[in-house]
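As structure tokens, the structure follows; a few thoughts come after it.
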Amino acid sequence: MSQAEIPKTYDPKAVEARIYEEWERSGAFEADADPGKEPYCIVLPPPNVTGALHMGHALNGAIQDTLTRRARMKGYEALWLPGADHASIALQNVVERRVLREEGKTKWDVGRERFVELCREFAENSRSQILGQLKRLGASVDWRRLRYTMDEGYVDAVLSAFVELYNAGLIYRGNRITNWCPRDRSAISDLEVNYEEVDGKLYGVRYPFADDRGPGPDGNDYAQVFTTRPETVLGDVALVVNPDDGRYKDLVGRRVMVPFVKRKIEVIADSYVDPEFGTGVLKVTPAHDPNDFEIGERHGFPSVNVLNPDGTINENGGPFVGMTREGARSALVKRLDEERLLGEVREYRHRVGHCDRCGAIIEPWLSEQWWLSMRELAEPALEVLKNEQITVYPDSWRRETIRWLENLQDWNVSRQLWWGHRIPVWYGPNGEVVAAKESPGEGYEQDKDVLDTWFSSALWPFATLGWPEKTEDLEYFYPTSLLSTAREIMYLWVARMIMMGLRFRGSIPFRKVNVHSIVLAEDGTKMSKSKGNTIDPLDLFDEYGTDAVRFGLLYQSSTQDFSYSYERAALGRGFVTKLWNMARFVSVYPMDVPDGREEPSASDRWILSSFNETVREYDRLLEECEFSEAMRVVYDFAWRQFADWYVEISKAAPSKQTPRILRKVFEATLRLLHPPMPFATEEMYGILGGEKLLIAQEFPRPDPALDDAEAERLLERTRLAVSAVRSFRADSGIDGELTGKAPEGVDLGVFSALSGVRVVEDLDGSARATLPAGDVVVELALSEELRREEVERLRKEISRVEGEVRRAEGKLSNENFVERAPAAVVASEREKLDRNSGLLETLKLRLDEYL
RNA sequence: GGGCGAUUAGCUCAGCGGGAGAGCGCUGCCUUCACACGGCAGAGGUCGCUGGUUCGAACCCAGCAUCGCCCACCA
């Protein structure tokens with residue numbers, strides 16, 4: 001294509017879909033075990049099939065795609081393995097709401113079988129939408145290997161894992177306090193409870209004495225307790241005071257009456273009680289509070305459960321049976337008041353647990369659940385994190401994860417939900433309990449519960465590669481190279497993958513973990529649908545182009561969370577346009593420029609050396625997941641060095657080698673930029689006549705032979721000298737050619753061509769401008785009328801340089817500095833002083849001449 | 001109650017022991033033949049506060065303030 005035929009701006013809409021298809025057709029995304037190559041593997045954190053991709057997915061997708069493409073171009077057998085998660089409780093909630101909205105029915109109205117079917121359908125639609133979005137992002141995933149946590153093979157892996165853990169004695173059934181969501185009618189894990197500050201009340205409840213020992217220590221005929229949940233009074237089995245609480249020595253051993261349910265209970269002593277809180281007397285409700293459960297266990301009290309699974313009061317609730325928990329609370333308080341059993345009621349702000357998925361208030365509730373004991377699984381995981389077998393970026397998250405693992409409680413893996421992997425435990429006709437993938441025989445009935453969705457996710461890095469089968473893929477690609485994820489699922493997911501990987505594969509699941517930022521809304525708060533402040537990445541792709549958005553996200557990504565700003569997408573778009581026009585410019589140079597005999601110029605050597613340094617730095621930064629800094633480095637090279645200077649030099653002062661090097665370096669820059677900005681670079685590469693697809697080209701490697709410190713210094717000085725002249729022109733308003741004395745240590749050809757200064761050996765006449773530019777002085781001949789301005793300028797310059805000299809002198813006259821600072825620092829300070837002193841002298845001399 | 005992190009130019013953020021940086025925005029000049037989603041030249045900051053360590057601190061340490069986020073069973 002000739003330059004005229006290439007439009008002035010890049011049109012992503014016309015390019016992206018076409019190029020994605022070309023990539024797919026070429027088989028570039030496909031990776032297979034190849035003993036001749038090093039493997040590189042990233043498993044995509046499977047998005048939930050609950051809805052569309054959000055900005056976090058876009059960022060993480062950009063990160064993973066960048067790393068995968070880079071690895072591929074570097075010659076690794078690079079596999080980015082895609083998939084999706086069935087998202088048990090999350091999807092079930094979405095479908096429930098939808099059924100309620102569309103049919104006015106609850107899931108119980110619909111029935112388990114049909115409900116699961118509705119979930120399956122929803123998941124399928126949602127999944128295809130998500131996969132389409134991944135394509136829009138440019139994700140170079142191997143589509144042949146798409147995995148889904150409800151696929152037959154994956155389900156088999158989940159069941160295998162459960163059965164193995166069960167048979168190893170690590171999974172057990174236990175009747176314990178769990179976080180119960182009455183709306184979902186299921187247990188959820190500690191990690192799925194959100195605690196929020198709520199304005200509540202602290203109710204004083206009086207328990208009349210039920211023995212004949214008269215009034216209590218305070219003279220009352222009752223003992224008073226404070227509680228935030230008066231309805232749990234119905235389940236009280238004891239009162240308890242601190243054994244060291246002198247006030248209540250006589251209370252211990254007495255009996256009181258639980259209001260309404262007419263149960264006589266004892267007052268006991270337990271050191272758990274904080275004498276400072278409330279009255280210093282605590283009620284014990286083992287079925288509805290984890291601490292009370294422990295106290296109950298310690299003292300051998302039974303648990304009295306007063307709640308049904310849906311949160312209504314059960315048959316143990318005396319006069320309140322059938323009421324909702326909220327209704328029971330107000331009714332009970334009213335009755336207490338009527339019976340003069342209500343003490344003081346205080347306003348009380350406290351934290352209340354809410355269901356992460358549906359928002360309902362969580363009840364600590366006694367129920368029968370399946371538990372996975374964690375200690376044995378956590379030990380090896382702690383080991384590999386402590387000895388840094390797994391590198392975590394940033395490292396602080398490695399330490400956080402260690403802390404979490406050290407304080408790990410057993411994991412409740414059963415959920416009383418319908419959508420998910422059914423627990424493979426079978427109950428036989430004669431009370432047998434068997435864990436097996438399939439029914440052990442006639443009369444066996446399967447457990448009704450499903451597994452926590454994170455149980456299946458925990459197997460992701462190896463179940464996706466074929467486990468429990470012994471596959472070639474597993475041998476070749478496991479352990480995977482890197483996992484990139486948001487930090488909110490470090491515990492929920494990442495820590496558990498490490499434990500399961502070690503358990504089932506005997507080695508870590510990934511060598512590195514990248515913990516990326518959370519993309520916040522523009523106002524700095526979390527994006528959420530309910531707040532209506534979400535940004536749809538697809539809209540951004542449409543408006544700015546996918547590459548621009550990807551570049552912007554990577555440019556802004558760091559270990560800090562960041563508020564998304566459209567400016568970054570605009571920055572990316574500006575960069576794409578700049579590159580596009582560089583491509584237009586470069587395209588006029590013929591493909592095959594004869595090498596010729598002529599040596600490359602200093603400028604040529606400079607750009608090669610500078611490119612070389614960029615490759616080194618950029619590659620290192622990507623390796624260390626420093627995406628933001630990597631984007632800065634490559635942006636600076638492409639724009640501030642290559643476009644701003646080398647391209648201009650190529651027009652004004654080219655060598656015979658320049659066209660070839662211009663083209664070569666630009667093409668190599670496209671290779672560098674391909675991983676973060678794949679579409680536009682691919683398109684440009686094609687326009688420039690690249691034979692194969694850029695995706696399959698080699699990533700540039702640093703070549704020490706191209707390092708040229710001397711050329712870098714020369715061009716650095718030259719650029720400063722040119723800028724000094726331009727600055728002078730801007731200040732003095734002089735257009736047209738200037739005459740100047742040849743500055744020392746610059747490339748005269750380049751200097752002259754870019755500054756418009758005709759270089760002569762010596763300047764005639766006394767009027768001249770003296771422009772300091774780094775360690776170079778540029779002297780320009782001046783017309784008489786500019787003399788006055790030059791005096792002004794010189795005075796300013798002199799005072800600036802005097803400041804420099806004073807600073808350096810100050811430092812060097814400090815004995816401590818000279819003695820203790822590293823020699824190199826002292827030397828460079830001396831050098832600066834010398835230079836500036838010399839410059840000062842010149843400037844003063846010049847000023848004297850003018851006055 | 002513990003832990004982690006943040007506080008740098010008007011805005012969004014880099015830098016994390018040796019002379020304060022980027023992008024956007026702002027000012028001036030330039031529509032010249034890759035690009036006005038551009039070029040050139042500028043203005044703009046006692047790097048939250050107070051101490052300390054150091055020859056030297058935005059950077060290390062301590063304390064304080066403000067703002068986030070995680071974890072925790074105080075009824």
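Side chains included, hydrogens not; waters and symmetry mates left out as well; all remaining heavy atoms used. Letters A, B, ... mirror the listed sequences (proteins, then strands); counts begin at 1.
- Annotated stems with RNA chain B as a participant read B:1-7 with B:65-71, B:10-13 with B:21-24, B:26-30 with B:38-42, B:48-52 with B:60-64, given as range with range, by first number; only runs of 3 or more Watson-Crick or G-U pairs under 3.5 Å qualify.
- Listed nucleotides: rC4(B), rG39(B), rG18(B). Nearest to the side chain of D644(A): rG39(B).
- Between W639(A) and the phosphate of rG39(B), there is a side-chain N or O to OP1/OP2 separation shorter than 4.0 Å.
- Judged by atom type and distance alone, K651(A) reaches the base of rA34(B) through a side-chain donor-acceptor pair under 3.5 Å.
- Put simply, the residue from M631(A), E629(A), E626(A) that forms a side-chain contact (heavy atoms from CB on, under 4.5 Å) with Y618(A) is M631(A).
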All N/O pairs under 3.5 Å across the protein-nucleotides 66-75 of chain B interface:
| unit_1 | atom_1 | unit_2 | atom_2 | d |
| --- | --- | --- | --- | --- |
| rA72(B) | N6 | R351(A) | NE | 3.0 |
| rC73(B) | O2' | N291(A) | ND2 | 2.9 |
| rC73(B) | N1 | N291(A) | OD1 | 3.2 |
| rC73(B) | O2 | Y272(A) | OH | 3.4 |
| rC73(B) | O2 | N291(A) | OD1 | 2.8 |
| rC73(B) | O2 | N291(A) | ND2 | 3.2 |
| rC74(B) | N3 | D274(A) | OD2 | 3.0 |
| rA75(B) | OP2 | Y348(A) | OH | 3.0 |
| rA75(B) | O2' | F226(A) | O | 3.3 |
| rA75(B) | N6 | D274(A) | O | 2.6 |
| rA75(B) | N6 | F277(A) | O | 3.1 |
| rA75(B) | N1 | D274(A) | N | 3.3 |

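- Remark: the K578(A) side chain and the rC35(B) base include a donor-acceptor N/O pair separated by less than 3.5 Å.
- Distance alone, capped at 3.5 Å, is enough to place a donor-acceptor pair between the D547(A) side chain and the A680(A) backbone.
- Remark: the backbone N or O of F562(A) is not paired with any side-chain donor or acceptor of S517(A) at under 3.5 angstrom.
- Contact annotation: T577(A) does not reach the phosphate of rG38(B) (side-chain N/O to OP1 or OP2, under 4.0 Å).
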Verify side-chain hydrogen bond (donor to acceptor under 3.5 Å, both in side chains) between D236(A) and T285(A), making sure each step is shown before the conclusion. CA-CA 5 Å; D236(A) 286 344; T285(A) 321; 2.7 Å; yes

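- Counting only heavy atoms from C-beta on, N581(A) has its side chain closest to rA34(B) among rC13(B), rA41(B), rA34(B).
- The side chain of Q556(A) lies closest to rU12(B), out of rC40(B), rG23(B), rU12(B).
- In this structure, R346(A) is positioned above the aromatic face of F226(A), its NZ or CZ under 6.0 Å from the six-membered ring centre and within 45° of the axis.
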